[in-house]
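Right, one structure below, let's go through it.
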Amino acid sequence: MASPNPSTAFPTLRTPRGAIPADAPRWNPQRPGAMPHHRYRPAHERVALPPLPDRTWPARRIERAPLWVPVDLRDGNQALAEPMDTARKRRMFDLLVAMGFKEIEAGYPSASRTDFDFIRHLVDSDAVPDDVTISVFTPARPDLIDRTMASVEGLPRTLVHLYTATAPTWRDVVLNRSRHEVHELIRDAATHLLRRADQRPRSDIRFEFSPEVFNLTEPDFVLEVCDGLTELWDASPDRPVVHNLPATVEIATPNVYADQIEYMHRHLARRDSVILSVHPHNDRGTGAACAELAVLAGAQRVEGCLFGNGERTGNVDLVTLALNLYTQGVNPMIDLSDIDAVREVVEHCNRLPVHLRHPYGGDLVHTAFSGTHQDAIAKGMAQHAKQAAELGLPVEEAPWAVPYLPIDPRDIGRTYEAVIRINSQSGKGGIAHLLRTHHGVDLPPAMRPDFSRAVQDVTDSTGRELSPGELWELFHATYLAPALAGPLTLVSWSAEEPAPGEHRFTSTVRDADGREHACLGTGDGPLSAFADALTAVGVTAEVLGHTEDSAAAYVQCRVNGITRWGAGSAPTASVHALLSAVNRALRPGT
Ligand SMILES: CC(=O)SCCNC(=O)CCNC(=O)[C@H](O)C(C)(C)COP(=O)(O)OP(=O)(O)OC[C@H]1O[C@@H](n2cnc3c(N)ncnc32)[C@H](O)[C@@H]1OP(=O)(O)O
Ligand SMILES: CC(C)C(=O)C(=O)O
């Protein structure tokens, strides 16, 4: 078949058609595209990267949770088309407290009356628990600092978060100040803030500073500014300053950010008086990786938002980070045992949906549609239950090692309902799992391929998913209903065992023409006796297999040379299962 002409099929795409690079290996026929990639410069040309040949972060492990600081009420809020009103903010705040966060950036009080009023609301309604510190965000402008300080009047503990852009492009374009002038601006504002704090001797006021777009700022300038503030604010181990080094806009691979953080970790002055904090965004989709590598590199505190709301592609997602730690066996120090309840509040407050495939919290993230995954999960779950029993542990306490499920959905308040879903990509393992878990029907392994074919016929022809209810209907129609649907109908029957191991089956069978036949058979079991009885209506039936569970009986039978499965449910399970197999074999086209 001739290959389609891509430029006609997708006229707006500039399908790559430059010459294959001379040094490309034969297995890689990719061609250069026409998009103007030359307009962009790599990170190492945009910022002086710190020299760190002896970096230590790659060999480290994260063994405890950093201090998590949710910034949903500030950075998250400022990115919403419709910022949260007081009621929504309060709902978010209460959620954050209930989850166990101990430091919460509650707003940007100088930004708007709503923001200011919300901080006042927290103070006036005594909503801040004793062990929670409120952080408020302010630019380095005296008027705005004053407004910020007015908002927290009466709060016993506050972290005032001062920020200014320090990166060259921001200095030149936004602030229109030299490096020296920016430093002066920051020093002046920090001094102003210190004075205002000193006027509140009864409040515990600590300071945080963020050199905005840290990851694009010269490392020596960051050190100059941060060390200056550590000194100015007279930080001590008892009253540490927070230096928060944001990847305001991601610009490089996460290892570059890790190097930048480790460099600061090693070079910041009075390190024991500094809490090294990070604040990754997700422009390159690597916010979580940046945060994790930064913690390996020495960061002690991470700012982010629940489910990754925030400017542009979002702030780093604290849910993902916490559960990533959890699945390494590290206590995340915040509660995500009902992830859907958390998500519901976040979606309500942000008026933004969490994506179906969002790590841990999306609707589809514990679901397998594909056959081999389902097979592995079903086997893994069975093995998990077995192992728990062997260890004498409840299943929810036994070590978790189920293929394709990095976390036990139950640990975060999910059920197993959605783990396996059936469509045309599904296989016998998953189908059997659903019948077992939803309907107590434990299909014998030899029968599974047969039902899987029936399922595939439906899913292929409809292109649709089959719900557990529809799967049951199909099972019923395929294996249970034929016992009652002819061509043969069992009008009456009885089975007896006149001598041990000798069975007799006495029945009246109606054929497709409505004629009734007295059918009598003998055998070494009731089923073989029934099969024998069917010779009276011209049927040669041989039982090849027979199993039962509490829900049904399953019989495989060769009928006039055709092999079929049937199933029957109590109280006449086996007899109906055999009759079902016989009727299926006798039906034209089945
Ligand atoms: C990376 C971040 O997330 S930073 C936080 C961003 N968040 C927000 O902007 C949300 C809230 N902000 C606001 O509502 C408004 O910006 C306000 C109320 C704070 C200030 O509003 P306005 O006074 O109208 O000024 P505007 O927002 O246009 O501010 C820009 C001015 O502040 C200066 N500026 C910007 N950031 C800072 C800073 N961190 N420190 C000092 N000055 C700053 C700019 O250079 C500019 O100065 P210019 O007017 O001399 O050119
Ligand atoms: C911490 C502040 C300045 C911030 O929101 C950012 O840089 O993204």
Side-chain angles (χ1 to χ4, degrees), residues 36-52 71 74-75 78-79 108 110-111 137-145 148 160-193 207-232 241-254 256-261 263-264 267-269 276-284 286-287 290 294 303 310-315:
H37 63 281
H38 48 267
R39 301 176 63 213
Y40 299 90
R41 287 184 298 137
H44 67 268
E45 286 180 17
R46 300 175 66 197
V47 59
L49 296 177
L52 204 66
V71 295
R74 197 278 297 173
D75 215 353
Q78 77 188 36
Y108 190 148
S110 64
F137 190 72
T138 176
R141 282 173 43 184
D143 54 331
L144 301 182
I145 289 173
T148 306
V160 183
H161 181 176
L162 183 75
Y163 87 99
T164 300
T166 50
T169 308
W170 277 252
R171 293 195 307 252
D172 298 345
V173 175
V174 183
L175 299 169
N176 192 21
R177 287 173 204 243
S178 68
R179 187 169 139 150
H180 176 70
E181 287 167 336
V182 168
H183 194 171
E184 260 184 4
L185 171 93
I186 296 168
R187 265 199 90 78
D188 290 349
T191 307
H192 183 83
L193 173 58
F207 305 115
E208 170 175 355
F209 176 68
S210 291
E212 194 191 344
V213 205
F214 152 78
N215 51 337
L216 272 178
T217 306
E218 305 90 331
D220 66 316
F221 188 43
V222 174
L223 285 175
E224 185 184 320
V225 171
C226 290
D227 289 349
L229 292 178
T230 306
E231 198 182 320
L232 175 76
V241 65
V242 179
H243 285 313
N244 181 49
L245 307 179
T248 307
V249 181
E250 281 198 303
I251 54 148
T253 47
V256 171
Y257 189 54
D259 275 1
Q260 291 173 314
I261 296 298
Y263 184 83
M264 292 298 150
H267 290 86
L268 279 167
L276 177 45
S277 174
V278 291
H279 176 113
H281 278 266
N282 197 35
D283 301 83
R284 295 167 54 91
T286 56
C290 280
E303 293 187 351
E311 294 282 10
R312 307 176 305 282
T313 52
N315 284 77

(message) I'd like to know if the side chain of Glu311 pairs up with that of His281 as donor and acceptor (distance under 3.5 Å, no hydrogens or angles considered).
(response) no

(message) Determine whether a donor-acceptor pair (N or O, by modelled atom type, separation under 3.5 Å) exists between the side chain of Arg284 and the backbone of Ala252.
(response) yes

(message) In the structure I gave you, are the side-chain heavy atoms of Asn315 and Pro280 within less than 4.5 Å of one another anywhere?
(response) no

(message) Is it the case that the side chain of Asp75 and the backbone of Gly310 share a donor-acceptor pair, with hydrogens and angles ignored and the cut-off at 3.5 Å?
(response) no

(message) Is any side-chain heavy atom of Leu232 closer than 4.5 Å to one of Thr191?
(response) yes

(message) For Ser178, is there any backbone N or O sitting under 3.5 Å from a side-chain donor or acceptor partner on Glu181?
(response) yes

(message) Would you say the ring centers of Phe209 and Tyr163 fall short of 6.0 Å from each other?
(response) no

(message) Tell me if a side-chain donor or acceptor on Asn215 pairs with a main-chain N or O of Val249 at a distance below 3.5 Å.
(response) yes

(request) Identify which one of His243, Glu218, His267 satisfies the side-chain contact (heavy atoms from CB on, under 4.5 Å) criterion when paired with Leu223. (result) His267

(request) Please determine which of Thr230, Thr217, Thr164, Ile186 meets the side-chain contact (heavy atoms from CB on, under 4.5 Å) test together with Val225. (result) Ile186

(message) For Tyr257 and Phe214, take the angle between the two ring planes, folded into 0 to 90°, and tell me which bin it lands in: parallel under 30, tilted 30 to 60, perpendicular over 60.
(response) perpendicular

(message) Show the nearest heavy-atom pair for residues Glu250 and Cys290, with the distance to one decimal.
(response) OE2-SG, 3.2 Å

(request) Please report the closest heavy-atom contact between Leu216 and Pro168, naming both atoms and the distance. (result) O-CD, 3.2 Å

(request) Apply the test side chain to side chain contact (heavy atoms under 4.5 Å, CB included) to residues Leu185 and Arg177: give CA-CA distance (whole Å), side-chain angles for both, the deciding distance (0.1 Å), then the verdict. (result) CA-CA 9 Å; Leu185 171 93; Arg177 287 173 204 243; 3.6 Å; yes

(message) Using every non-hydrogen atom in the two residues, find where Ile145 and Ala189 come nearest and quote the distance to one decimal.
(response) CD1-O, 3.6 Å

(request) Measure the spacing between CZ of Arg41 and NE2 of His44 and express it to the nearest 0.5 Å. (result) 10.0 Å

(request) Before giving the answer on side chain to side chain contact (heavy atoms under 4.5 Å, CB included), spell out for Val241 and Leu229 the whole-Å C-alpha distance, their side-chain angles and the decisive distance to 0.1 Å. (result) CA-CA 8 Å; Val241 65; Leu229 292 178; 5.6 Å; no

(request) Could you tell me the separation between the CG atom of Asp188 and the CG atom of Leu193, rounded to the nearest 0.5 Å? (result) 12.5 Å

(request) Measure the spacing between OH of Tyr40 and CD1 of Ile251 and express it to the nearest 0.5 Å. (result) 14.5 Å

(request) With the side chain counted from C-beta on, respond yes when Pro139 and Tyr108 share a heavy-atom pair under 4.5 Å apart, and no when they do not. (result) yes

(message) Quick check against the 3.5 Å criterion: does His279 have a side-chain atom that pairs as donor or acceptor with the backbone of Glu303?
(response) no

(request) Might you point out which heavy atoms bring Ser210 and Asn244 nearest each other, and give the distance in Å? (result) OG-ND2, 2.9 Å

(message) Please give me the minimum heavy-atom distance between Leu162 and Ala140, naming the atom from each residue.
(response) CD1-CA, 3.6 Å

(request) Can you measure from CE (Met264) to CG (Asp227) and round to the nearest 0.5 angstrom? (result) 9.0 Å

(message) For Arg179, is there an ion pair with Asp220 - N to carboxylate O distance below 4.0 angstrom?
(response) yes

(request) For Ile261 and Ala294, work out which heavy atoms get closest and say how close. (result) CG2-O, 3.7 Å

(message) Within the 3.5 Å criterion, strictly below it, is a donor on Thr313 or Asn282 matched to an acceptor on the partner's side chain?
(response) no

(message) I'd like to know if the side chain of Glu208 reaches the main chain of His161, judged simply by a donor and an acceptor atom lying under 3.5 Å from each other, with no hydrogens or angles considered.
(response) no

(message) I'd like to know if the side chain of Arg171 reaches the main chain of Thr166, judged simply by a donor and an acceptor atom lying under 3.5 Å from each other, with no hydrogens or angles considered.
(response) yes

(request) Take atom CD of Glu231 as the centre, draw a 6.0 Å sphere, and report whether it contains more than 12 heavy atoms from other residues, nucleotides or ligands. (result) no

